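Counting starts at 1 for both ligands and their atoms, in listed order. Predicted model, so just to flag it, every value in this text is computed and none were measured. These values consider heavy atoms only, across backbone and side chains, with no hydrogens, waters or symmetry-generated copies.
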Amino acid sequence: MELLGMTTIFLLICISCLLLITTWRNMSQNGKQPPGPFALPLAGNIFQLNPKNLPESMKRLSEKYGPVFTIHLGPQKIVVLYGYDVVKEALIDWADNFSGRGNLPLFKRVFKGTGIVTSNGETWKQLRRFALTTLRDFGMGKRSIEERIQEEAHFLVERIRNTHEKAFNPGRFLTHAVSNIICSIVFGDRFDYEDKKFLTLIYLLDENNEYQNTIQTQLYNFFPTLMEFLPGPHQKMLKNIDEVDKFILEMIAQHQETWDPSCPRDFIDAFLNKMDQEKENGHSVFTVESLTRSTLDLFLAGTGTTSTTLRHALLILQKYPEIQEKVQREIDRVIGRDRSPCMADRSQMPYTDAVIHEIQRFIDFLPLNVPHAVIKDTKFRNYFIPKDTMIFPLLTPVLHDSKEFPNPEKFDPGHFLNANGTFKKSDFFMPFSAGKRICAGEGLARMELFIFLTSILQNFTLKPVVDHKDIDIAPLITSAASIPRPYEVSFIPR
Ligand code: HEM
Ligand SMILES: *[C@@H]1O[C@H](CO)[C@@H](O)[C@H](O)[C@H]1NC(C)=O
Ligand SMILES: *[C@@H]1O[C@H](CO)[C@@H](O)[C@H](O)[C@H]1NC(C)=O
Ligand SMILES: *[C@@H]1O[C@H](CO)[C@@H](O)[C@H](O)[C@H]1NC(C)=O
């Protein structure tokens, strides 16, 4: 109790100081700032925002304040962009101004200012460019990324076959398959599903997914100095990340021992080559530290996103057996049963393509996007937004725009089909965001979604354990990501 009392007092003092500083900074700027609800001292807009459903709170605020408004999460000021027009104007028309990453304290603590997702400036530019080049098909190694995914899809299908039509929760299988793609790209090889080292790595990443959603971890972003001293799941998460770091460092050391600059096997080798090329440059951003962070980024950004999307997909397809059947007919017509699906098939499969787009639109995986920041003073729609202000370019209002996608809350592949059955592109399809910070793994993710899904449906029909009419496909919103309700399914060989 004693400790709790002291903590509260300390907390209040911290917040008041921060608040004074922010208010002072805001008043010293001239120019009109975007409107927003009155922010309480200490708490910010905590009473106008429902932490369990932030997208809904944002909708209400936009109805009152318009498409550009200001909110305060604790002492942190954030400008929210709501709707396709403003998001496009900021991320695409003024791409450079809005290309900063809003740096939450937790990001800073974990990524130490380097890596791809949370860095800024020259470090970000160079590491991102390097990752994009390397992730491009045939960007490294002998095998293309497509071949790596096909190989993994094959293992996944065999593993599913071994469940012999028994109903089970497919989450773990999907996570293993998806993480193995990153393993293959970064470490040069996939791991066997029973491999102890692999299972430890996955276990740590899985646990962290849970810790991330705890209130303590969220609080770290607002009161980092204080939370650094308090026990809780956020500490376990930081410890886990140290473990993953150790794992990655070990793999880097192994690569260094067997490294042959003339034939880079994977992402780590390609990075070692780059370090070698720049070894005379005292300011090179290519260091063992930034290699470790970039690798961690690929795991953290590339695993949960894609495997959860697949988990949604398998639930949605159970809900609509007629859609599943139509996809299977297209698979049989274009691919047949005797060879693995490949990316060249997609252009001939408009229905399947539309279904995958609709899955990503419907589930709206990252409703709030990932925080951005303006990297210079910006005049946006007559508002003044000072340099370094955090920006939330929301994705929900874009993906669920009711003019572009009539009945946006309904799952309907017709949202991406022309009347004559051809694929219909939409500028509103932004699950990977847009502009200079657009997901660096978009190409990879779309390859994984297409090859994994078509491989599964080529070989199995999904059978729900309840009447398909009773399946609820509406996503659960956690603090940041949309996840499917837990379910079991059986896979019936075709
Ligand atoms: C369905 C799967 C995925 C979705 C929905 C998704 C979505 C996103 C979104 C919304 C962002 C933030 C963009 C912004 O700040 O404007 C992002 C960033 C990023 N994603 Fe993905 N992502 C997916 C898969 C992947 C994969 C497989 C990788 C692994 C290579 C990856 C790597 C990254 C990286 C490195 C960034 C940071 C980019 C930067 O800050 O420059 N993502 N992703
Ligand atoms: C699906 O099954 C067929 C045999 O029916 C096989 O040839 C094909 O390789 C399987 N697909 C995958 C991805 O394993
Ligand atoms: C973006 O930055 C450029 C260069 O500093 C500036 O000229 C431009 O006005 C900025 N855009 C907005 C919308 O403020
Ligand atoms: C199908 O319809 C779209 C738009 O309605 C049109 O652009 C396209 O040329 C048509 N394609 C065919 C093969 O008729």
Quiz item: Hey, does Asp377 come in under 3.5 Å of ligand 3, counting only N/O atoms on both sides?
Solution: no
Exercise. May I ask you to list the atoms of ligand 1 that are less than 4.0 angstrom from any heavy atom of Gln360?
Key: 1 (C)
Quiz item: If you count the atoms of ligand 1 from 1 in the order shown, which ones are under 4.0 Å from a heavy atom of Leu298?
Solution: 30 (C)
Quiz item: To which protein heavy atom is atom 9 (C) of ligand 1 closest, and what is the distance rounded to 0.1 Å?
Solution: Leu366 CD1, 3.8 Å
Quiz prompt | Nearest-neighbour protein heavy atom for atom 24 (C) of ligand 1, which is reported as residue plus atom name and distance | solution = Thr305 OG1, 3.3 Å
Quiz item: So which protein heavy atom does atom 5 (O) of ligand 3 come closest to, and at what separation?
Solution: Lys376 CD, 3.2 Å
Quiz item: Which heavy atom of the protein is the closest neighbour of atom 14 (O) of ligand 3, given with residue, atom name and distance?
Solution: Lys379 N, 2.8 Å
Practice problem: Evaluate the criterion side-chain contact (heavy atoms from CB on, under 4.5 Å) for residue pair Phe198 and Asp192; output intermediate values, then yes/no. | Solution: CA-CA 8 Å; Phe198 180 64; Asp192 194 80; over 6 Å; no
Quiz item: Between Phe362 and Phe416, is the ring centre distance below 6.0 Å?
Solution: no
Practice problem: For Thr352 and Glu330, test the side chains for any donor-to-acceptor distance below 3.5 angstrom and give the result as yes or no. | Solution: yes
Self-check item: Winner among Glu448, Glu442, Arg128 once heavy atoms are compared against atom 39 (C) of ligand 1
Solution: Arg128
Exercise. Report the residue from Thr295, Leu291, Asp266 that forms a side chain to side chain contact (heavy atoms under 4.5 Å, CB included) with Phe271.
Key: Leu291
Quiz prompt | Option of least heavy-atom distance to atom 11 (C) of ligand 1 (set: Val370, Val87, Ile391) | solution = Val370
Quiz item: Do the ring centers of Phe155 and His176 come within less than 6.0 Å of each other?
Solution: no
Quiz item: Would you say Arg101 has any N or O atom under 3.5 Å from an N or O of ligand 1, going by distance alone?
Solution: yes
Practice problem: Output, in order, the C-alpha distance, side-chain angles, deciding distance and verdict of ring pair (Phe, Tyr, Trp, His ring centres under 6.0 Å) for His415 and Phe405. | Solution: CA-CA 6 Å; His415 286 138; Phe405 306 112; 5.6 Å; yes
Quiz item: So is Trp124 polar-close to ligand 1, meaning N/O to N/O under 3.5 Å?
Solution: yes
Self-check item: Residue portion contacting ligand 1 (non-hydrogen atoms closer than 4.0 Å) for Val117
Solution: both
Quiz item: By number and element, which atoms of ligand 3 are closer than 4.0 Å to a non-hydrogen atom of Thr378?
Solution: 12 (C), 13 (C), 14 (O)
Practice problem: Return a yes/no value for His372: is any of its N or O atoms, backbone included, closer than 3.5 angstrom to an N or O of ligand 1? | Solution: yes
Exercise. Would you mind checking which non-hydrogen protein atom is closest to atom 40 (O) of ligand 1, with the distance to 0.1 Å?
Key: Arg437 NH1, 2.6 Å
Quiz item: Strictly by modelled atom types, are Ser426 and Glu404 linked by a side-chain donor-acceptor pair under 3.5 Å?
Solution: yes
Quiz item: Where is the tightest heavy-atom contact between Glu358 and Lys410, given as atom of each residue plus distance?
Solution: OE2-O, 3.4 Å
Exercise. Could you list the atoms of ligand 1 found under 4.0 angstrom from a heavy atom of Thr309?
Key: 1 (C)
Quiz item: Any idea which protein heavy atom is nearest atom 6 (C) of ligand 1, and the distance to it?
Solution: Phe432 CD2, 3.7 Å
Quiz item: For Pro341 and Gln458, which heavy atoms make the closest approach, and how far apart are they?
Solution: CD-OE1, 3.7 Å
Self-check item: atom 26 (C) of ligand 1: the protein heavy-atom neighbour that sits closest, reported with distance to 0.1 Å
Solution: Gly302 CA, 3.3 Å
Quiz item: Heavy atom of Asp297 under 4.0 Å from ligand 1?
Solution: no
Self-check item: Greater than 12 external heavy atoms within 6.0 Å of Asn382's CG
Solution: no
Exercise. Tell me, please: is Trp94 in heavy-atom contact with ligand 3, that is, under 4.0 Å?
Key: yes
Quiz item: Which residue supplies the protein heavy atom nearest to atom 42 (N) of ligand 1, what is that atom called, and how far is it?
Solution: Cys439 SG, 3.0 Å
Quiz item: For atom NZ of Lys319, is the number of surrounding heavy atoms from other residues, nucleotides or ligands below 6.0 Å larger than 12?
Solution: yes
Self-check item: Region of Leu91 engaging ligand 1 - heavy atom pairs below 4.0 Å
Solution: neither
Quiz item: Should you measure from each heavy atom of Ala445, which atoms of ligand 1 turn up under 4.0 Å away?
Solution: 2 (C), 24 (C)
Practice problem: Mind telling me whether Phe191 and Phe247 have parallel, tilted or perpendicular rings, with 30° and 60° as the class edges? | Solution: tilted
Practice problem: Give yes or no for whether the N/O distance cutoff of 3.5 Å, strictly under, is met between Asn97 and ligand 3. | Solution: yes
Quiz item: Which is closest to atom 2 (O) of ligand 4 in terms of heavy atoms, Thr422, Leu417, Asn418, Asn420?
Solution: Asn420
Quiz item: So, Arg148 versus Ser184: side-chain donor-acceptor pair below 3.5 Å or not?
Solution: yes
Quiz item: Which bit of Pro431 gets closer than 4.0 Å to ligand 1, counting heavy atoms only: side chain, backbone, both or neither?
Solution: backbone
Self-check item: atom 25 (C) of ligand 1: nearest protein contact (heavy atom, Å)
Solution: Ala301 O, 3.4 Å
Quiz item: Do the two ring centres, one from Phe267 and one from Phe130, sit under 6.0 Å apart?
Solution: yes
Exercise. Would you check the N or O atoms of Thr306, main chain and side chain alike, for any that come under 3.5 Å of an N or O of ligand 1?
Key: no
Self-check item: Sub-4.0 Å atoms of ligand 1 with respect to non-hydrogen atoms of Ala440
Solution: 19 (C), 20 (N), 33 (C), 34 (C), 35 (C), 36 (C)
Quiz item: When the ring planes of Phe380 and Phe98 are compared, do they come out parallel, tilted or perpendicular, using 30° and 60° as the limits?
Solution: perpendicular
Practice problem: Check whether NZ of the Lys or CZ of the Arg Arg159 lies under 6.0 Å from the centre of the six-membered ring of Tyr193 and within 45 degrees of that ring's axis. | Solution: yes
Quiz item: Using 4.0 Å as the upper bound for N to carboxylate O, is an ion pair formed by Arg265 and Asp189?
Solution: no
Practice problem: Return a yes/no value for Ser433: is any of its N or O atoms, backbone included, closer than 3.5 angstrom to an N or O of ligand 1? | Solution: yes
Practice problem: Kindly state if atom 9 (O) of ligand 4 has a protein heavy atom within a strict 4.0 Å cut-off, that is, under 4.0 Å? | Solution: no
Quiz prompt | Non-hydrogen atom of Arg446 closer than 4.0 Å to ligand 1 | solution = no
Quiz item: Are the aromatic ring centres of Phe365 and Phe432 under 6.0 angstrom apart?
Solution: no
